[in-house]
Amino acid sequence: MIMQIFNSRKTEYKSKISAIATDEKVKLRIIVPRSISCSGASLAVRKDGEDTVCYGMFWAGMCGEYDEYWELHFSADTPGLYFYYFELDTPWGKSYIKNIGKGCGDLTANGGEFQQTVYDKNFRTPDFLKGGIIYQIFPDRFYNSHSLKKNVRESRIMRKWGDEPFWNESQMRGIWNNDYFGGDLKGIERKLSYLSSLGISCIYLNPIFEANSNHRYDTADFEKIDPLLGTEDDLKHLCRKAKEMGISILLDGVFSHTGCDSKYFNMYGNYDSVGAYNSKSSPYYEWYKFTHYPNQYQSWWGISLLPEVSEENEVYRQFICGENGVLRKWLRCGISGWRLDVADELPDVFLDDLRKAVKAENPDAVIIGEVWEDATNKFAYGKRRKYLLGEELDSVMNYPFANAILDFVRYGGADAFFDSVMSIVENYPPCVLHVLMNHIGTHDTERAITRLAGVSAEGHGRHWQHLNNTLSDEDYLHGVEMLKMASLIQYTLPGVPSVYYGDEVGMQGMKDPFNRACFPWDNINEDLLKWYKRLGQLRHGCKAFEQGEFVPVYSERNVLAYERVSSENQVLVAVNNSEVSKKVPVGEKWDSSYNFFEYTCSNGMVHLEPHSFALLIK
């Protein structure tokens with residue numbers, strides 16, 4: 001048997017397949033062929049931004065007849081990213097064991113380094129998310145309670161529930177994103193029983209503060225609920241009623257920019273305040289980045305409607321993060337945390353203050369950042385970011401998992417799936433891993449069923465997307481089955497599954513604004529809804545989904561199997577995404593297990609029909 005020299009994703013070589021805390025030891029082992037006459041081995045470690053340091057390894061005996069073990073324990077007393085490889089002393093000079101991909105190390109001078117994340121040992125994440133289910137709501141489009149609204153601008157265009165959102169300029173009468181359907185906070189409250197039936201434990205709301213677009217990412221007043229959604233008392237009542245049903249509320253914090261039509265900038269004079277656009281003596285002038293006053297200023301992605309703020313500005317930081325600032329005001333109203341829009345565009349000094357403010361008000365409140373890549377090694381604004389080392393975020397939106405799931409279900413490729421998942425498992429602190437926001441669709445992406453069964457929207461404008469926004473009957477039925485497979489994987493990976501409103505009843509949609517349509521309360525796919533309710537029951541009924549270890553079991557083209565393992569119970573998920581029947585070897589320990597679907601294990605094998613899956617529990 002030919003042994004691997006090193007594999008950072010197997011416990012035979014690395015005792016902890018995860019980030020480690022400061023002062024926590026991890027055992028590293030390499031298996032070196034005797035044929036290269038190794039006389040000494042070293043671990044070469046480089047903390048990010050510092051020089052490489054070598055630590056001698058000790059000879060630990062033979063591995064069979066032809067290989068030998070070299071080992072050491074590594075620890076670090078300061079948080080950060082540590083990159084490493086191995087050096088061997090041989091009669092022919094130095095040899096190197098470097099990363100050749102997928103966690104594998106081999107004798108090569110051209111490979112890369114392995115990553116070891118080290119986080120602060122005092123880092124804790126809130127428990128209330130673990131084992132739960134998040135539900136994301138675009139407030140204007142979920143449910144309209146038809147309650148009387150006051151102080152709503154007459155310029156807002158009110159639409160009939162269920163009509164297609166405006167998507168071209170002529171429809172909008174020159175004002176983008178100005179069509180509204182009247183979804184509100186009281187409407188969400190009236191549907192809490194529905195959400196509870198899905199097993200939802202947390203609601204994440206897209207922005208609800210006063211703004212002058214339907215998406216409300218152009219904040220006009222951080223201290224006021226948009227009048228079309230309701231009032232501050234409505235939010236307090238929603239939080240209270242949701243809490244009675246075991247459901248927490250998260251708000252969307254948009255702190256990198258405001259709207260130009262806001263009390264702070266006030267370009268159009270619609271507010272009584274003296275905005276930064278109106279006078280250099282405005283109390284808000286220093287918030288913004290003017291290049292030629294007043295009409296030239298830095299804006300978010302060059303969109304002049306969204307002037308950027310200077311998050312480093314002490315006055316602005318105090319306004320958001322101060323003792324009586326925005327963050328703490330809304331926490332006092334009953335919310336349980338924040339999702340941070342474009343968190344990778346917020347500087348460390350702002351995120352540091354933000355965390356201090358949130359945790360001072362409520363140590364159990366959660367902070368989830370929008371980061372689309374691996375958040376442990378993200379480079380932004382010329383520096384390595386420290387989101388998950390213990391001083392800033394608790395969690396991030398898990399786009400790597402979303403892409404892994406959707407790509408596997410649509411295209412296959414079990415090895416690529418496991419590589420994506422294990423990369424996150426390996427790099428993230430365990431306390432973060434189990435509160436990751438595991439979505440497969442959001443307000444920024446195509447609907448999950450459309451991405452699985454439809455034509456890709458990449459490179460196509462809104463007119464094309466409008467023409468291709470609805471799947472054919474055949475593609476839709478196929479998409480439902482694909483979505484069942486994708487959601488099963490989503491619900492059983494480490495982290496917290498996040499359902500974008502309406503996905504559970506089969507809503508379709510290309511990109512913005514087509515993915516932000518009204519919830520079809522009169523046209524629900526009951527089969528899919530029943531499926532999601534069952535997934536909710538399975539998730540809440542199994543402790544392994546809270547903080548259980550993720551263990552890959554089998555991978556072969558379009559077939560995969562993995563376990564979630566905890567001290568209370570174990571779960572096996574096996575998926576056959578191929579066109580033919582497959583026998584999946586999972587081990588005889590699963591022969592006596594309980595099956596949730598029709599497939600069982602016999603003689604260590606799970607026999608799966610094409611495009612089917614099994615879920616077993618011990």
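Side-chain atoms are counted along with the backbone in the values below, which use heavy atoms only and exclude waters and symmetry mates. Since we're looking at a predicted model, the values are computed, not measured.
- Asp252 has a carboxylate O that lies under 4.0 Å from a charged side-chain N of Arg339, or vice versa, which qualifies the two as a salt bridge.
- Between Glu609 and Asn576, the side chains place no donor N or O within less than 3.5 Å of an acceptor N or O (distance only, hydrogens not considered).
- Counted within 6.0 Å of CG on Asn122, heavy atoms from surrounding residues, nucleotides or ligands total more than 12; the atom is thus considered enclosed.
- Annotation: side chain of Gln115 is not in contact with side chain of Glu426 (no heavy-atom distance under 4.5 Å).
- Residues Pro610 and Glu579 share a closest heavy-atom pair of CG-O, 3.4 Å.
- A salt bridge does not link Asp120 with Lys386: none of the charged nitrogens is closer than 4.0 Å to a carboxylate oxygen.
- Taking CG from Asp344 and CZ from Arg385, the interatomic distance works out to 7.5 Å, rounded to the nearest 0.5 Å.
- The residues Glu504 and Lys533 are annotated as not salt-bridged, no charged nitrogen and carboxylate oxygen being separated by less than 4.0 angstrom.
- More than 12 heavy atoms of other residues, nucleotides or ligands lie within 6.0 Å of NE2 in His466, so this atom counts as buried by the packing criterion.
- Under the 4.0 Å criterion applied to side-chain N and carboxylate O atoms, Lys130 and Glu546 are not assigned as salt-bridge partners.
- Outside the 6.0 Å centre-distance limit, the rings of Trp161 and Phe142 are not counted as a close aromatic pair.
- With salt bridges taken as basic N to acidic carboxylate O contacts below 4.0 Å, one links Glu71 and Arg29.
- Distance CD/Glu481 to NE2/His611: 10.5 Å, rounded to 0.5 Å.
- The residues Arg516 and Asp444 are annotated as salt-bridged, a charged nitrogen and a carboxylate oxygen being separated by less than 4.0 angstrom.
- Taking 4.0 Å as the cut-off between side-chain N and carboxylate O, Lys530 and Asp527 do not count as a salt-bridged pair.
- You'll find the side chain of Tyr501 stays beyond 4.5 Å of the side chain of Gln136, heavy atoms only.
- Nearest heavy atoms, Gly441 versus Thr445: CA-OG1, 3.5 Å.
- If you check the side chains of Thr492 and Tyr562, you find a donor sitting under 3.5 Å from an acceptor.
- Looking at Lys98 and Asp106, no side-chain N of the basic residue comes within less than 4.0 Å of a carboxylate O on the acidic one, giving no salt bridge.
- Side chains of Glu588 and Trp590: no donor on one and acceptor on the other come within 3.5 Å.
- To the nearest 0.5 Å, atom CG of residue Leu616 and atom CG of residue Asp591 are 9.5 Å apart.
- Both cation-pi conditions hold for Lys191 and Trp521: the charged atom is under 6.0 angstrom from the six-membered ring centre and inside a 45 degree cone around its axis.
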